[in-house]
Structure formats: structure tokens, C-alpha cells
2 protein chains.
Amino acid sequence: MEYEDEDWLCVDMEEFSLATENGSNRRQRMGRKRNYDDENREYKSKNLETERRRREKLSSRLLMLRSLVPIITNMNKATIIEDAITYIKKLQDKVQSLSQELHQMEATSEEIVETKVDEIDAAEDMKKWGIEPEVKVEQIDENKLWIKIIIEKKRGRFRKLIEALNNFGIEFIDTNLTTTKGTFLITSCIQGKDGDRLAVHQTKNLLQDIINDI
Amino acid sequence: MEYEDEDWLCVDMEEFSLATENGSNRRQRMGRKRNYDDENREYKSKNLETERRRREKLSSRLLMLRSLVPIITNMNKATIIEDAITYIKKLQDKVQSLSQELHQMEATSEEIVETKVDEIDAAEDMKKWGIEPEVKVEQIDENKLWIKIIIEKKRGRFRKLIEALNNFGIEFIDTNLTTTKGTFLITSCIQGKDGDRLAVHQTKNLLQDIINDI
DNA sequence: CCTCACACGTGATGC
DNA sequence: TGCATCACGTGTGAG
């Protein structure tokens, strides 16, 4: 493409020098050189319409482009593209920073419940300390249950537990989470979101199912 | 604008018929018609250079635009802009979905530490139960400190605390978080990420500064 | 009056 | 060969 341009420029220069040498009759020269017959007195130029469409198309694209770019410094064809360029750069930056922020957020979100403990060590730690997984559910009053969960520490496991119970319409109250020795120790009150009563053994089964899944 | 086009066409046709009448010397005619002096046999057109720059500028902008767009279907001027348009749309979509995802993430992330407690009640709860804010820091060994923090429960406050300390190169170990009676009770060990030693009173000041900010 | 930006028609060129 | 694209020079209107 570039060399094509170069060729173009060269051709042009050549033509230009020719023109300057030949003075005012260069056009005739060019015209006579080929293309249309000398005797034809009607108008010529075969690709007039085609070229017109091309220009029209290009202009419309340019307008579409302009309509997409929020900040516009000028109506110039060149500045339209320029603004588009800066806008694209801005968008790219934004995408990058956003995704970065999101990853960072994911990381910290998981750090909260894990505090950066290597999860490979977790199982070993549990063994070493002789800690067994445990799920306990007791009734507090007619609406609330008290639960105690000891599980192996895994990435995001606490968050997943909360989310899963949320999906079953159960919310946590006065939650206590301790992370130590490769485990999560969770104690909390829970209750149904809409005041639903929670059955003890059903809740326990639900908890165990969830824990097995996460 | 359109009528300008029309005018152009008219003028052009007029010129054209003239040209056809005069045959090969139409260009001279046009030249003579006005604009540049009749006797000047050198080339005319004052804004030739200017126009050339304009074109050059536009082309360069177009190339710059093209270099920014990753997917290119064609080298065409029109398709360059077209690709840029689709790319911009794609970027905009991506930004939107990303920010949306991020907000959603923030929401769930805050649910974790809050378990959906209304924060307006938090301050009242603290008062009612006579609980005072507290920050305590003690040395465990040469690398680790033990901290205890009691603060009013606020949306995302625990996450912000973790993040802030992370920024100061401090990480949490064996963290315990209890949410009850409108407060967060946080107890945890902390240590410097690179094995840096942490001074007790400096850490305490840092903690208090952070808590005041969040 | 002059500068700037534009649309136009046109020859040349690649496929 | 025709078809599509291009750069070019130019006239013209707006500021």
C-alpha cells in the first residue's frame, strides 16, 4: 500500500514536471494521450457515476463515524478522524483499566476470605492439626437457626456458600468467619429472607449439598 | 449542500458542453474564463499546495486510524472507516459490559462481609449496645502483629480495610471477622509482605488513619 | 481579499 | 477487458 502510494507520488511528480515543462497545454497532452476519442463531442468520463457513489459512500461512513464519537472539536473531515482516533485510544485505555480493576477486584475479593493462604497447604494443615469437617445446625427461635461449619479452606469458598444460600432465600446474620490452620470456621445465624421458617435437618442437608459442590 | 452539488453539476455540464464545442482546448478556455490571468503561461491554481497538504493530512490520519483498528477487512478508504466504526461499537459494548460486571462484582463482594444488614441501623445498634470503636495492636513475634478492631459496620468497609493495608504491603493471616450489633469485630494476625518488620505504634496509627478514611 | 475545507470530474492503476 | 479505487488539480462558498 505504501509503495503504491509512493508510486502514485512518483507518477504525479513525473506528470507534474511534465506539466511544468509543457506549460498550459499539459491537460491536452494528458487528454490526448489516451482514454477518450478526440472527435467525440459529447461528454465522456465513464466512471463519473461510480466515483460519485464512492465519494458518497465515504462521506456517509465518515458521518456515521462522527455520530459515534462523543467529543467533536470540529466538523473537518480530518479532525473527525482525529477525534475518532483519540476516542478509540481512550476506549482502549478504559477497557484495559476496567478489566485490570476487575481482575484486581476478583483477587481482593477472594483475599478477604482467604488472606492469601496457599490452598494446597490447606488440606495438609487440616490433617496435621487433626481437624475434621463439620456441619452443625441448631434452632434459635422460630425464625432463626444457628449454624457452625468447619470446612477446608478453598479459594472463594465462603463467597460461594453465601451466594448459594442466597439463592435458596437464606440470609446470614451476625456472621463469624475464622480462617486458620487450613480451615474455615464459620458460625452464623441464618433466617429466611421473607420470614420463611427453616427446618433444621433440611437446612443441614442443604448445607452439606452445597459444601460438597463448592 | 445538495444544491451546491447541483450547482456544481450545472457548472460542470456547462463547462463540459463548452469543452465539447471547443474540442481539445477546453481547458484553456476554462482557464481563460476567469481566475488566472490570460497571459500567464505558467501553471496557476493558488491553493494547489494547500490542497495537497490537506489530502496528505487526511490520508495520514486515515492510516493512523487504520493502525489502531485490529481487524481489517480491506485496505479501502471506506472500509477502513467502516472497520473503525464497528470496532468503536465493539469497544463501547465492552466498556459497558465490563463496568456493569464490575459493579455487580462490587455488590456481591460487599454482600459477603455484610450479609445484607441495613447500615442505617448500624450506628443506632452500636449506641444501643454501648459499643465503642477500638483499635488494638500487639506484637506476636518479630514479624507478626496481632490486631483487634471494633468499628461501625459500613458497606464494604472490611474490603476497603484489606485493600488499604494491602497497598501498604501488609497482609492478613488467620483473620476473624464477626458482624453483630451494628459493628465489625476484626481480629487477625498481620505481617509485612516482604518479611518487613512492622512497628506496633506506627501500624496502629496507620490503622486509625485508614479507618477514619473508610 | 484571503484562507480553509469541500465536492467535483478525471486519468491512472491493480485485479 | 471492465470494475473499483485512488490522488490529483480546480472552482466555489463560508468565515
Side-chain angles (χ1 to χ4, degrees), chain A residues 1-20 22-38 40 42-63 66 72-82, chain B residues 1-20 24 26-37 40 42-63 66 72-82:
Chain A
M1 162 110 178
E2 280 105 353
Y3 57 81
E4 191 185 333
D5 258 345
E6 294 298 321
D7 279 343
W8 257 108
L9 276 181
C10 288
V11 167
D12 179 60
M13 285 316 167
E14 187 186 348
E15 175 193 342
F16 216 76
S17 57
L18 248 165
T20 49
N22 296 334
S24 57
N25 59 342
R26 68 195 151 84
R27 274 291 174 189
Q28 293 171 343
R29 274 257 175 153
M30 277 202 57
R32 270 185 200 162
K33 210 192 284 184
R34 55 175 90 173
N35 210 10
Y36 51 87
D37 49 339
D38 299 16
N40 188 1
E42 284 298 319
Y43 68 91
K44 352 83 224 220
S45 92
K46 336 173 187 186
N47 61 340
L48 195 152
E49 290 277 338
T50 316
E51 179 66 10
R52 198 171 290 183
R53 312 242 178 165
R54 176 182 162 266
R55 269 198 296 265
E56 192 178 339
K57 188 164 146 192
L58 205 146
S59 293
S60 84
R61 305 292 179 198
L62 215 56
L63 283 191
R66 221 197 76 101
I72 33 176
T73 60
N74 214 341
M75 287 289 249
N76 286 345
K77 250 169 164 177
T79 46
I80 288 179
I81 304 187
E82 205 170 348
Chain B
M1 173 140 166
E2 280 107 350
Y3 59 81
E4 188 185 337
D5 261 344
E6 296 297 320
D7 278 343
W8 255 108
L9 275 181
C10 289
V11 167
D12 180 59
M13 286 314 169
E14 185 188 350
E15 170 195 345
F16 229 76
S17 58
L18 249 165
T20 49
S24 56
R26 65 194 155 84
R27 277 292 176 189
Q28 291 172 343
R29 272 260 177 160
M30 271 207 60
R32 271 184 202 160
K33 207 195 280 184
R34 49 176 96 170
N35 209 10
Y36 49 87
D37 50 339
N40 189 0
E42 285 297 319
Y43 70 90
K44 356 78 234 213
S45 92
K46 335 172 186 186
N47 59 340
L48 196 152
E49 289 278 337
T50 315
E51 180 65 12
R52 197 170 290 183
R53 310 234 184 174
R54 175 180 162 267
R55 269 197 296 265
E56 192 177 339
K57 190 165 148 193
L58 204 145
S59 292
S60 85
R61 304 293 178 195
L62 216 56
L63 283 190
R66 220 199 75 100
I72 32 176
T73 60
N74 215 338
M75 288 291 243
N76 285 347
K77 249 170 165 178
T79 46
I80 288 178
I81 303 186
E82 205 169 349

For the side chain of B:Ser59, counting heavy atoms from C-beta on, which of C:dA7, D:dA7, D:dT10 is nearest?
D:dA7
Kindly give the heavy-atom pair with the smallest separation between A:Ile80 and A:Leu62, and that separation in Å.
CG2-O, 4.0 Å
Nearest-Å distance for atom pair CG/P, residues A:Leu58 and D:dC6:
7 Å
Starting at atom CD1 of A:Ile80, determine the distance to atom P of C:dA5, rounded to an integer number of angstrom.
12 Å
Output yes when at least one side-chain N/O atom of B:Arg55 is less than 4.0 Å from OP1 or OP2 of D:dG9, else no.
yes
base_contact_polar (C:dA7 base, B:Glu51 side chain, donor-acceptor, <3.5 Å):
yes
Take the protein atom CE of A:Met75 and the nucleotide atom P of D:dG15, then report the distance between them rounded to whole Å.
11 Å
Nearest nucleotide by nearest heavy atom, which residue falls closer to the 5' end of DNA chain D, B:Asn76 or B:Arg54?
B:Asn76
Could you tell me whether B:Arg54 and B:Glu51 make a salt bridge, using a distance below 4.0 angstrom between a side-chain N and a carboxylate O?
yes
N/O (side chain, B:Lys57) to phosphate O (OP1/OP2, C:dA5) under 4.0 Å:
no
Answer with yes or no whether B:Asn47 presents, from its side chain, a donor or acceptor under 3.5 Å of a partner atom in the base of D:dG11.
yes
Spacing of B:Arg53 atom CZ relative to D:dG9 atom C1', expressed in whole Å:
16 Å
What's the CD-P distance between B:Glu49 and D:dC8, to the nearest Å?
11 Å
Is the phosphate of C:dA7, meaning OP1 or OP2, less than 4.0 Å from a side-chain N or O of A:Arg52?
no
How close or far is atom P of C:dC8 from atom CG of B:Leu48, stated in whole angstroms?
20 Å
To the nearest 0.5 Å, tell me how far B:Ile72 CD1 sits from B:Glu82 CD.
14.0 Å
Applying side chain to side chain donor-acceptor pair (under 3.5 Å), can you list everything that pairs with A:Arg61, at least two apart in sequence or on another chain?
none
For B:Glu82 and D:dT5, give me the distance from atom CD to atom P, rounded to whole Å.
11 Å
Please report, rounded to the nearest Å, how far the C1' atom of C:dA5 is from the CD atom of B:Glu56.
16 Å
B:Arg53 side, atom CZ; B:Leu48 side, atom CG - distance, nearest 0.5 Å
11.0 Å
